[in-house]
Amino acid sequence: MMPLAGDSRDPIVSVRDLEVGFQTMDRRATVKAVDGVSFDVRRGETFGIIGESGSGKTTIGRALVFLLKPTAGAILHNGVDPQTLPRKQFQSHRRDYQIIFQDPNAALNPRMTIISSVLEPLELAGAGTKAERLARAQEAMERVGLPQELGERYPHQLSGGQKQRVIIARALTLRPRLIVCDEVVAALDMSIRGDVLNLFAELQRDLGLTYVFITHDLSVVSHISDRIAVMYLGRFVELGPTESVSGRPLHPYTQALLSAEPLPLPSTMRSDRRIILQGEMPSPIDPPSGCRFRTRCQYAQSVCAEQTPAWRELEPDHWVACHFADRPNFSPS
Amino acid sequence: MVKAHSAERTSKTAAAGSRQALMSVRGLGIRFKTAQGIWQATRKIDFDIAPGERVGIVGESGCGKTITGLSILRLLPNNLSGLDGSIMFDDVDLASCSTRTMRGIRGRRIAMIFQEPMSALDPVFTVGHQIAETLRVHTDVGKEEARAQTIDMLRRVGIASPERRIDEYPHQLSGGMRQRVMIAAALICGPQLLIADEPTTALDVTVQAQILDLLRNLSETSKTALMLITHDLGVVAETCTRMITMYAGEVIEDAAVDAALVRPLHPYTSGLLRSLPHLSPRLGRLPSIPGRVPSIAEMPDGCRFKARCPHATAGCEAEQELLDAGEGRKVRCWRFRELELPGALQHAATAPIAGRVVRQ
Ligand SMILES: Nc1ncnc2c1ncn2[C@@H]1O[C@H](COP(=O)(O)OP(=O)(O)OP(=O)(O)O)[C@@H](O)[C@H]1O
Ligand SMILES: Nc1ncnc2c1ncn2[C@@H]1O[C@H](COP(=O)(O)OP(=O)(O)OP(=O)(O)O)[C@@H](O)[C@H]1O
Ligand code: SF4
Ligand code: SF4
Ligand SMILES: [Mg+2]
Ligand SMILES: [Mg+2]
């Protein structure tokens with residue numbers, strides 16, 4: 001069992017040795033999309049998850065809000081696995097945990113007015129009277145800065161940023177405690193991304209929300225998160241406070257990821273020390289033995305193929321899974 | 001290295017103007033027939049690309065980047081209603097030349113790659129077949145020779161064991177490898193210009209870095225000019241020497257990359273740079289540009305950025321021309337001389353990337 005990152009603080013969710021497997025299309029093999037991940041999400045924080053396509057970020061997000069069942073391991077709230085609660089209690093409990101996906105177009109029914117879309121989750125939950133539901137929906141729209149008159153419009157009459165606000169309003173009507181935000185600004189234009197990120201920050205401050213923020217945009221994740229987890233092929237390879245992970249990354253994959261990010265800076269301010277990784281992420285159907293990053297790691301030794309690196313706290317609150325991350329001269333050979 | 005290049009380009013463009021250009025676009029406008037009538041999607045597009053130069057075309061969704069790229073090869077959709085202006089490419093006007101002339105240029109002297117390599121590759125043919133086919137359509141090399149050249153090209157774009165890969169089908173390749181195959185197919189005839197439309201948007205950051213590196217190196221070694229269409233200012237900064245910014249169907253700024261990043265001349269370019277999370281203090285409020293891009297139906301007279309511009313004043317409702325700002329720079333804002341607009345430099349020091357920024 002993995003030791004835990006930061007179990008001393010007040011966790012809203014505790015994930016323990018989480019595994020999620022899927023059958024492949026031809027049903028001949030299993031993909032372990034998430035393969036033994038443990039972490040706590042602390043109340044009121046923004047917990048960022050980054051990593052390459054297919055590394056398992058969305059799968060973790062969906063498991064956190066009970067959209068899929070873990071194959072093994074547990075997701076605990078106050079030490080209790082909510083899936084063991086009686087059905088009715090579980091249904092009301094899960095409303096505290098919402099997820100917002102990337103594409104606002106796919107998430108809104110084109111034939112429903114905006115206000116009906118915002119009302120929908122409340123109606124499904126059967127919360128309050130009709131008037132109370134409408135009041136709550138209108139309050140949520142106001143909260144995200146949407147004028148009431150937009151309520152009568154249809155999705156195609158709104159801009160991308162406005163549609164994303166509608167989705168956020170929809171999630172807020174149920175007054176959740178935690179929201180998983182899965183690539184929520186990826187589909188938005190550059191000039192309005194800032195607005196939506198500001199809105200998330202403001203809602204967190206005012207409503208005490210906790211976020212799990214999934215993205216592969218490094219600039220976004222390091223702007224908004226308190227802590228960042230780095231995923232590779234179904235596992236966490238690094239987890240720590242944003243400043244440490246983005247300023248002093250300990251894992252070779254994190255180092256490569258950060259150095260690969262194209263920076264909008266003049267050439268005089270960019271460093272030439274780029275680590276260009278060879279190849280791409282191996283298939284999760286047949287992951288490499290030992291350290292899963294070893295096929296692309298410039299420091300790999302024979303032990304890396306034989307032993308899975310332990311999950312270790314090398315600096316306060318900063319965890320990493322690499323055999324050599326604590327070597328003082330851990331630099332290109 | 002990039003810096004030396006841009007300095008050189010800047011003086012060249014300034015001194016020689018369009019005379020040295022490989023391609024010279026003037027007054028390009030694109031109109032579409034739609035259910036609502038005729039839509040003027042872009043207008044008054046002017047820019048030059050010098051031989052071997054790497055130019056980034058940036059701007060938000062819908063500003064006209066893709067259709068500008070497509071118009072160069074006359075690949076615009078069927079509901080095109082009209083094309084204004086000229087696209088001079090070595091004495092040929094691509095906007096008006098015969099279909100036959102265009103066929104001789106497309107794929108051979110000018111090639112194009114897209115965001116989604118899977119849709120551009122034919123699933124029923126091997127990788128090798130698709131690349132060699134381009135070569136055989138445009139040149140008279142024999143089968144053997146075409147195969148040898150294809151293997152060589154696959155190797156140049158960084159595909160390991162090309163002798164084996166050449167006989168594989170697109171679905172057997174990863175996203176990054178498919179994009180390499182597309183690049184190989186585009187470069188096999190040694191074009192003078194490669195138009196790349198969001199070539200890395202669908203890829204992971206680490207693979208994106210590989211592909212951008214490849215494009216830069218190939219362009220440098222083979223002297224192929226690159227027109228790189230992207231909405232990512234970081235991608236332009238890492239890859240290109242010049243940056244053309246578009247807004248609502250017009251070119252609004254044209255400058256060497258470093259110059260545009262350090263001291264943008266158009267309020268929109270400056271606003272964009274300020275809104276990037278890279279350059280803002282962590283957890284702080286991100287500056288953003290209020291409002292949104294006007295749709296084609298509600299396009300205002302005069303400056304198209306007026307409704308969102310913090311510097312708008314009396315005079316901005318006049319038609320804005322692309323003005324010469326000296327040193328090879330152009331800007332579509334009559335106030336550019338009096339405005340002192342912040343660029344990327346002012347913010348980098350306090351941003352999360354500060355630790356990764358080189359100090360002078
Ligand atoms: N419903 C499913 N059935 C089968 N395989 C799945 C399913 N959902 C996810 N997978 C597989 O699980 C792995 C992880 O997928 P996941 O969507 O969690 O990745 P991700 O990190 O969110 O990637 P991206 O950045 O592309 O969104 C992938 O290999 C994916 O193909
Ligand atoms: N076939 C068409 N008919 C009508 N309008 C079109 C057509 N194709 C494109 N347009 C319009 O022309 C404008 C420019 O489109 P274009 O695809 O060039 O944008 P872009 O800058 O490439 O955006 P993105 O970043 O989203 O790819 C948009 O307003 C678009 O809606
Ligand atoms: S354990 Fe070995 S292969 Fe894995 S990241 Fe560390 S050095 Fe590289
Ligand atoms: S012309 Fe006026 S409104 Fe337009 S960008 Fe310049 S200052 Fe702003
Ligand atoms: Mg995902
Ligand atoms: Mg486009």
Side-chain angles (χ1 to χ4, degrees), chain A residues 46 50-55 159-162 185 187-198 201-202 216-226 242-243 246-248 253 256-281 296, chain B residues 1-3 6 60-61 160 174-177 203-210 212-213 231-239 257-259 261-262 268 271-273 275-280 282-290 292-293 308 343-345 348 352-360:
Chain A
T46 299
I50 55 174
E52 255 156 283
S53 186
S55 57
S159 71
Q162 287 173 324
V185 292
L188 299 180
D189 262 327
M190 303 176 277
S191 75
I192 48 179
R193 249 177 226 195
D195 260 351
V196 174
L197 289 172
N198 288 339
E202 201 177 289
H216 43 236
D217 188 324
L218 296 163
S219 64
V220 167
V221 84
S222 35
H223 177 76
I224 200 160
S225 309
D226 297 294
T242 300
E243 287 81 1
S246 69
R248 295 181 311 281
Y253 173 63
L257 197 62
L258 291 174
S259 89
E261 187 194 13
L263 298 177
L265 289 174
S267 49
T268 47
M269 290 177 74
R270 278 198 309 268
S271 83
D272 283 338
R273 289 186 308 108
R274 290 187 92 187
I275 309 164
I276 303 265
L277 282 184
Q278 299 305 306
E280 294 171 45
M281 203 169 72
R296 298 169 80 194
Chain B
M1 159 199 82
V2 177
K3 196 190 163 210
S6 36
E60 290 176 80
S61 187
S174 69
M177 273 206 279
L203 304 173
D204 277 314
V205 207
T206 60
V207 183
Q208 165 170 285
Q210 296 167 2
L212 293 180
D213 231 42
H231 58 266
D232 188 331
L233 292 168
V235 165
V236 172
E238 301 265 358
T239 319
V257 170
D258 285 357
L261 293 174
V262 174
Y268 172 69
L272 263 192
L273 284 168
S275 69
L276 295 174
H278 304 85
L279 304 175
S280 298
R282 214 172 75 67
L283 304 172
R285 222 187 139 67
L286 287 170
S288 64
I289 306 177
R292 61 160 158 152
V293 185
R308 305 172 77 190
L345 216 52
I353 56 165
R356 287 144 63 201
V357 169
V358 178
R359 268 165 245 286
Q360 288 129 331

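Letters A, B, ... mirror the listed sequences (proteins, then strands); counts begin at 1. Only heavy atoms go into these numbers, but all of them, side chains included; no hydrogens, no water, no symmetry mates.
With a threshold of 4.5 angstrom between heavy atoms, A:R296 approaches chain B through side-chain atoms but not through N, CA, C or O. Heavy atoms closer than 4.5 Å to chain B are found in the backbone of A:Q278, but not in its side chain. When heavy atoms are compared at a cutoff of 4.5 Å, B:I289 approaches chain A by way of both its backbone and its side chain. Of the atoms belonging to A:L277, heavy atoms from both backbone and side chain fall under 4.5 Å from chain B.
Taking chain A as the reference chain and counting heavy-atom pairs below 4.5 Å, the highest number among B:A259, B:A160, B:S61, B:P290 is found for B:S61. The residue among B:Q210, B:R308, B:M177 with the most heavy atom pairs within less than 4.5 Å of chain A is B:Q210.
A donor-acceptor pair is defined here as one N or O able to donate and one able to accept, closer than 3.5 Å; such a pair exists between the side chain of A:N198 and the backbone of B:L286.
For the salt bridge (charged side-chain N to carboxylate O under 4.0 Å, His left out) test, no residue two or more places apart in sequence or in another chain qualifies with A:D195.
When all heavy atoms of A:P264 and B:A237 are compared, the pair lying nearest together is CA-CB, 4.0 Å. Between B:G176 and B:V207, the shortest heavy-atom distance links the atoms CA-CG1, 3.7 Å. Taking every heavy atom of both residues into account, B:E238 and A:P262 meet most closely at OE2-CA, 3.4 Å.
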